[in-house]
2 protein chains.
Amino acid sequence: MTKNDAFDLQNFLPYLLNQAAEQSSLEFQRIYKDRYGLLRTEWRVLFHLGMYGDMTAKEIGARALTHKTKISRAVSRLAQRRYITRTRSENDRRAELLALTPAGQGVYQELRGIAEDYDARLERRFSRGEGALLRMMLRRLAGLDD
Amino acid sequence: MTKNDAFDLQNFLPYLLNQAAEQSSLEFQRIYKDRYGLLRTEWRVLFHLGMYGDMTAKEIGARALTHKTKISRAVSRLAQRRYITRTRSENDRRAELLALTPAGQGVYQELRGIAEDYDARLERRFSRGEGALLRMMLRRLAGLDD
DNA sequence: GAATATTAGTTGTTTTTGTAACTAACAAGG
DNA sequence: CCTTGTTAGTTACAAAAACAACTAATATTC
């Protein structure tokens, strides 16, 4: 009658994922937050532009699986800080093309270095091969491979 | 000069962890949210009590790595719905011992079943052994093993 | 054993998020 | 064209989270 299988909260995947994500995000944020006061979505927008080149808010939202209002607000704040510019698109005047300013480029470069270091530090917690497998599984769970 | 190593946002662990966590949490919430209208922290408090027995808000916070104000508010709402009772502790009258009511037990049992099913469904996305490894790595990242 | 510091939990205020409704531009069908 | 529908992005309002300040009880220390 009573379930005696090994289900445990500490092994429940959504719970574990949340804990791990929160933990590493907090730890990572402690490194860069004070530096530039960027919110997570702002950080993401910055990285998308820095890493993949100019694009519209919509494209960022699609890639990052993030709702457009979140993107919109992040873009506003980044523009206010003069990290990005917004240029209305020629062919579709609803959309605007986002691009990093030199200042934004600088911030991106520095944050990217920090991210690489932090990532490498996390990687060191796993044996060779484990890290790659972990990333693959997470990508699958995140639906990034679809 | 230019970094040409393989760093990619789509492989950055904190980013991936967040995406995966958000994705699975949202999906899982869609299953139980409408059912009982529980918020995530409320769900967690309920599960801690159901799974590990009566304890104080503080203990739950420590186990779940959750801030006390979040726990406090979750406890209030659970008590309002008569899912838990709060009894002032004998030896320390600041603390109160939390316990599930029969109604709370019932909800917990049902939600636990749902959780087990969902977890099993996620597990099926991975080959034998991968799932266990994933959980282990996540526990390590979450700092649950310390 | 009074003064001080700590701890369990709550409450109030500010940020951030989620959701819906909105504007302006485009697309398609008649 | 001109009505109807869709899309990019914003804004307004409600829900939730973060953070700080608070109360009341307990520990500590001199």
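Chain naming here is simple, since letters A, B, ... match the order of the sequence lines and numbering starts at 1 in each. In this text the structure is predicted, and so the values were computed from the model without any measurement.
Within the 4.0 Å cut-off from OP1 or OP2 of C:dC26, at least one side-chain nitrogen or oxygen of A:Arg93 is found. B:Arg88 has no side-chain polar atom (N or O) that falls below the 4.0 Å cut-off from OP1 or OP2 of D:dA24. Distances shorter than 4.0 Å separate none of the side-chain N or O atoms of B:Ser72 from OP1 or OP2 on C:dG9. Listed pair A:Arg40 / D:dA17 fails the phosphate criterion, with no side-chain N or O lying under 4.0 Å from OP1 or OP2.
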Taking it one step at a time, do B:Arg135 and B:Asp119 satisfy salt bridge (Lys or Arg N to Asp or Glu O under 4.0 Å)? CA-CA 11 Å; B:Arg135 287 166 215 267; B:Asp119 203 50; 3.0 Å; yes
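B:Glu96 has its CD atom 16 Å from the C1' atom of D:dT26, to the nearest Å. Nucleotide D:dA16 holds its P atom 16 Å from the CD atom of B:Glu22, rounded to whole Å. Rounded to an integer number of Å, the gap from NZ of B:Lys70 to C1' of C:dA8 is 19 Å. Atom pair B:Leu38:CG and D:dA15:P shows a separation of 17 Å (rounding to whole Å applied). Per the geometry, CD belonging to A:Gln80 stands 12 Å off P belonging to D:dT10, to the nearest Å. Between the CG atom of A:Leu98 and the C1' atom of D:dT10 there is a distance of 14 Å, given to the nearest Å. Taking atom NZ of residue A:Lys68 and atom C1' of nucleotide D:dT6, one finds them 11 Å apart after rounding to whole Å. Rounded to whole angstrom, the span from the CG atom of B:Asp92 across to the C1' atom of D:dT28 amounts to 15 Å.
Under the 3.5 Å distance criterion, the side-chain polar atoms of B:Glu22 are left unmatched by any main-chain donor or acceptor of B:Gln19. For the pair A:Thr101 (side chain) and A:Arg82 (backbone), a donor-acceptor distance under 3.5 Å is present.
Between the side chains of A:Tyr15 and A:Gln10, no donor-acceptor pair of N or O atoms lies under 3.5 Å. A donor-acceptor pair shorter than 3.5 Å cannot be found between the side chains of B:Tyr36 and B:Glu42.
For A:Arg73 against D:dG9, a side-chain-to-base donor-acceptor contact under 3.5 Å is absent. Interface remark: the B:Arg94 side chain does form a donor-acceptor pair with the C:dT7 base, using a distance-only criterion of under 3.5 Å.
Both B:Asn91 and B:Thr69 sit near DNA chain D, but only B:Thr69 has its closest nucleotide nearer the 5' end. Nearer to the 5' terminus of DNA chain C, by closest-nucleotide assignment, is the contact made by A:Leu39 (compared with the other of A:Glu90 and A:Leu39).
Under the ring-ring contact (aromatic ring centres under 6.0 Å, His included) rule, A:Tyr108 has a single partner from A:Tyr52, A:Tyr83, A:Phe47, which is A:Phe47.
For residues 52-62 of chain A, proximity to DNA chain D is found at A:Thr56, A:Ala57, A:Lys58, defined as any non-hydrogen atom under 4.0 angstrom from a strand atom.
For A:Ala95, taking side-chain heavy atoms from C-beta onward, the closest of the listed nucleotides D:dA8, D:dA16, C:dT10 is D:dA8.
Between A:Arg63 and A:Glu59 there is no salt bridge, since no side-chain N of the basic residue sits under 4.0 Å from a carboxylate O of the acidic one. Ion pairing between A:Glu27 and A:Arg121 holds under the 4.0 Å rule for side-chain N and carboxylate O.
At a threshold of 4.0 angstrom between heavy atoms, the contacts of A:Ile71 with the nucleic acid are absent.
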